[in-house]
Amino acid sequence: MKFIQISDLHLTQPGEKLWGLDPLERFDRCIEDIVRHHSDARFCVLTGDLGETGTKEAYEALQDRLRRLPFKSFVMVGNHDDRENFKSVFGTAHCDESGFVQSACAIEGRHFLFLDTLKGGATSAGSYCETRRAWLKGRLREAEDQPVFLFMHHPPFDIGHDLMDLIKLEDAEGFHQLISAHNVRHLFFGHAHRPVSGVWRGIPF
């Protein structure tokens with residue numbers, strides 16, 4: 001099964017540059033490439049930091065561009081995002097019953113879970129509270145022994161980068177205990193602004 005992962009867009013106001021680059025212009029090129037070369041994908045997932053400062057204008061620009069894709073998109077939030085501004089534009093289609101931006105889908109016996117690790121406040125670290133964990137436990141029970149693929153913004157372990165390792169997901173041990181008894185085949189995350197891969201306690205990432 002083919003799907004697309006995009007992360008850390010850090011979209012700004014239309015025409016506004018970030019570090020000398022135009023995030024919206026770069027995302028437009030990304031969308032064009034996907035449409036031209038990857039229209040056979042089943043879905044696209046955006047693993048957080050959608051906007052640089054979480055403005056409604058950035059989310060509106062994102063929503064407009066995602067309409068160009070020929071398949072469904074699953075949208076998640078990261079530490080640069082504003083959950084309430086996001087929901088004011090995208091509604092609750094990507095949210096659980098508690099208002100967190102996390103959702104799930106099952107395709108051909110595979111379960112794809114999209115988690116909300118936004119902590120909020122002044123920190124850039126991630127958090128996964130008891131309310132969110134209860135939702136995840138429910139989805140893992142539903143999957144039974146079928147393959148599960150987890151998507152999140154913050155990695156729950158050190159990646160070997162001094163700065164990023166300070167702002168990973170908090171309570172990684174508790175998170176691992178939650179998922180360890182289930183058939184988690186792969187873990188996808190963003191946040192790191194660099195491609196990283198490997199195996200964490202038996203789970204490829």
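- Residues passing the side chain to side chain donor-acceptor pair (under 3.5 Å) test with E173, sequence neighbours excluded: R201.
- Under the salt bridge (Lys or Arg N to Asp or Glu O under 4.0 Å) criterion, R141 pairs with no residue at all, not counting sequence neighbours.
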Show which side-chain atoms of residues 34-44 pair as donor or acceptor with protein atoms under 3.5 Å away, not counting sequence neighbours.
{"unit_1": "H38", "atom_1": "ND1", "unit_2": "K2", "atom_2": "NZ", "d": "2.9"}
{"unit_1": "D40", "atom_1": "OD1", "unit_2": "K2", "atom_2": "NZ", "d": "2.9"}
{"unit_1": "R42", "atom_1": "NH1", "unit_2": "E108", "atom_2": "OE2", "d": "2.9"}

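- In this view, S73 satisfies the side chain to side chain donor-acceptor pair (under 3.5 Å) rule with no residue, not counting sequence neighbours.
- Other cluster members for W19: L18, joined by side-chain heavy-atom distances under 4.5 Å among Ile, Leu, Val, Met, Phe, Trp and Tyr.
- Listed by first then second residue, pairs satisfying salt bridge (charged side-chain N to carboxylate O under 4.0 Å, His left out) with a partner in residues 175-195 number zero, not counting sequence neighbours.
- For the side chain to side chain donor-acceptor pair (under 3.5 Å) test, residues two or more places apart in sequence or in another chain that qualify with E84 are K87.
- D22 meets the salt bridge (Lys or Arg N to Asp or Glu O under 4.0 Å) test with no other residue; sequence neighbours excluded.
- Not a single salt bridge (Lys or Arg N to Asp or Glu O under 4.0 Å) links D165 to another residue, sequence neighbours left out.
- Taking D96 as the reference, Q102 meet the side chain to side chain donor-acceptor pair (under 3.5 Å) condition, with sequence neighbours excluded.
- For E25, the salt bridge (Lys or Arg N to Asp or Glu O under 4.0 Å) partners two or more places apart in sequence, or in a different chain, are R29.
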Please tabulate, for the side chains in residues 118-125, all donor-acceptor contacts under 3.5 angstrom to protein atoms that are two or more places apart in sequence or on a different chain.
{"unit_1": "K119", "atom_1": "NZ", "unit_2": "E170", "atom_2": "OE1", "d": "3.1"}
{"unit_1": "K119", "atom_1": "NZ", "unit_2": "E170", "atom_2": "OE2", "d": "2.8"}
{"unit_1": "T123", "atom_1": "OG1", "unit_2": "A125", "atom_2": "N", "d": "3.0"}

